[in-house]
Visitor: 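After the structure tokens below, expect a handful of questions from me.
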Amino acid sequence: MTLSALIFDVDGTLADTEEAHRQAFNRAFAAAGLDWHWDQDLYTRLLAVTGGQARMRFFLEQSKRPLLDDQDIADLHKSKTTFYVEAMQAGRVPLRSGVERLLGEARSEGLTLAIATTTTPVNFQSLIESTLGAAALDWFAVIGAGDCVENLKPAPDVYLWALDRLGLEPSQCLAFEDSANGLKAATAAGLATIVTPCPYTKNHDFTGALVVQDNLDEPDHVDVAFLRQLHGHL
Ligand code: XBP
Ligand code: MG
């Protein structure tokens, strides 16, 4: 089966964005007058839950705080997203090593690009606009983001949604992820997956990944030829 498309996760994979998410959550909590503060150790644990709203509910349950109703959670998350987009627009988060290179090579080689992320759509848009420019949003034939499916990663839904809109079989694609939840989601959708852990996910279990390496440049130089070779041995 020919390799036709590359499907990328966003947070932790395209860029090390989780620290910016963590800071945006804390800014939203402070702006709402809440005494909640997510330090890096706590956030590492909370990342077991994908989706910012679900993550806040998980935090309230785990810390035995009173639950907030859906509207309050949604309002808090909207505030957080505003702070996050501000950070992206300030250009504070670059793409990870090898990402821009591989995206360009894939386009030159006629591979289709797609996104399958748990994050809020505007978060992906602002990351691409601040790193590659708004026109680069058109590089992606399909953009599957948080609100297009009900069940977030590790459920396979967002990858199945992307494959359906691509009109491709899993065997014609490769997925790129940074986390155990993302690897589970892609694998459950039938996708062979390249994992490049980020600082928040470096201790995750990546059993079942096709490749796990520091980034797209090291130790192996992940280019289209490398991907075609990997894909050819599946
Ligand atoms: C990572 C996530 C997201 C982000 C926060 O998404 O799980 O929830 O941590 O973004 P990805 P939101 O699938 O790209 O790794 O607050 O918008 O959910
Ligand atoms: Mg991720």
Side-chain angles (χ1 to χ4, degrees), residues 6-29 32 36 38 40 42-59 70 73-88 93 95-96 99 113-128 131 140 142-162 175-189 191 193-206 209 212 215-216:
L6 306 181
I7 308 176
F8 290 88
D9 164 55
V10 175
D11 291 311
T13 301
L14 292 184
D16 280 333
T17 54
E18 289 298 357
E19 180 58 11
H21 280 298
R22 182 184 74 86
Q23 293 177 15
F25 278 112
N26 286 330
R27 289 183 68 188
F29 302 154
W36 313 347
W38 292 357
Q40 291 180 342
L42 174 56
Y43 194 63
T44 300
R45 294 195 299 277
L46 293 178
L47 275 172
V49 175
T50 59
Q53 296 193 46
R55 190 168 302 141
M56 286 191 279
R57 291 192 185 92
F58 178 59
F59 162 71
D70 289 350
I73 290 281
D75 292 345
L76 207 43
H77 192 251
K78 190 173 175 195
S79 168
K80 174 262 174 182
T81 299
T82 301
F83 287 123
Y84 180 81
V85 169
E86 266 181 29
M88 291 300 107
V93 183
L95 294 178
R96 289 190 63 184
V99 168
L113 299 177
I115 293 294
T117 177
T118 309
T119 202
T120 303
V122 71
N123 294 348
F124 166 70
Q125 291 156 14
S126 58
L127 173 68
I128 295 301
T131 54
F140 301 90
V142 168
I143 299 173
D147 60 354
C148 71
V149 293
E150 190 174 332
N151 303 310
L152 302 182
K153 299 174 185 176
D157 300 42
V158 70
Y159 278 105
L160 294 171
W161 186 95
F176 295 77
E177 273 285 352
D178 72 299
S179 69
N181 277 333
L183 173 60
K184 284 177 190 155
T187 305
L191 288 157
T193 305
I194 290 94
V195 172
T196 50
C198 75
Y200 276 107
T201 63
K202 62 183 186 296
N203 296 321
H204 284 195
D205 174 6
F206 296 120
V212 181
N215 57 59
L216 294 176

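Position 1 is the first residue of the sequence; numbering continues from there. Atoms within a ligand are numbered from 1 in the order they appear, just like the ligands themselves.
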Visitor: Report the part of Glu177 in contact with ligand 1, treating N, CA, C, O as backbone and CB onward as side chain, heavy atoms under 4.0 Å; options are side chain, backbone, both, neither.
Guide: neither
Visitor: Side chain, backbone, both or neither: which part of Phe25 has a heavy atom under 4.0 Å from ligand 1?
Guide: side chain
Visitor: Would Arg57 and Asp70 count as a side-chain contact (heavy atoms from CB on, under 4.5 Å) if you check the C-alpha gap in whole Å, the side-chain angles of each, and the deciding distance to 0.1 Å?
Guide: CA-CA 9 Å; Arg57 291 192 185 92; Asp70 289 350; 3.2 Å; yes
Visitor: Let me check your reading of the structure: within less than 2.8 Å of the Mg ion (ligand 2), is there an N/O/S atom from Asp9?
Guide: yes
Visitor: With a cut-off of 2.8 Å, does Glu18 put an N/O/S atom close enough to the Mg ion (ligand 2)?
Guide: no
Visitor: At under 4.0 Å between heavy atoms, is it the side chain or the backbone of Phe124 that contacts ligand 1, or both, or neither?
Guide: neither
Visitor: Would you mind listing which atoms of ligand 1 come within a distance below 4.0 Å of any non-hydrogen atom of Gly51?
Guide: 7 (O), 8 (O), 18 (O)
Visitor: Relative to ligand 1, is Lys153 under 4.0 angstrom through side chain, backbone, both or neither, heavy atoms considered?
Guide: side chain
Visitor: Indicate, as side chain, backbone, both or neither, the part of Asn123 found under 4.0 angstrom from ligand 1 when only non-hydrogen atoms are considered.
Guide: side chain
Visitor: Using a plain distance cutoff, I'd like to know if Thr50 has any nitrogen or oxygen under 3.5 Å from a nitrogen or oxygen of ligand 1.
Guide: no
Visitor: Of all N, O or S atoms in Asp178, which has the smallest distance to the Mg ion (ligand 2)?
Guide: OD1
Visitor: Quick one: do the Glu177 and Tyr159 side chains pair a donor with an acceptor below 3.5 Å?
Guide: yes
Visitor: Checking Lys202 against Tyr200: charged group under 6.0 Å from the ring centre and within 45 degrees of the axis?
Guide: no
Visitor: Any non-hydrogen atom of Tyr200 lying under 4.0 Å from ligand 1?
Guide: no
Visitor: Do any N/O atoms on Arg55 end up under 3.5 angstrom from N/O atoms on ligand 1?
Guide: yes
Visitor: Val49 versus ligand 1: do any nitrogen or oxygen atoms come within less than 3.5 Å of each other?
Guide: no
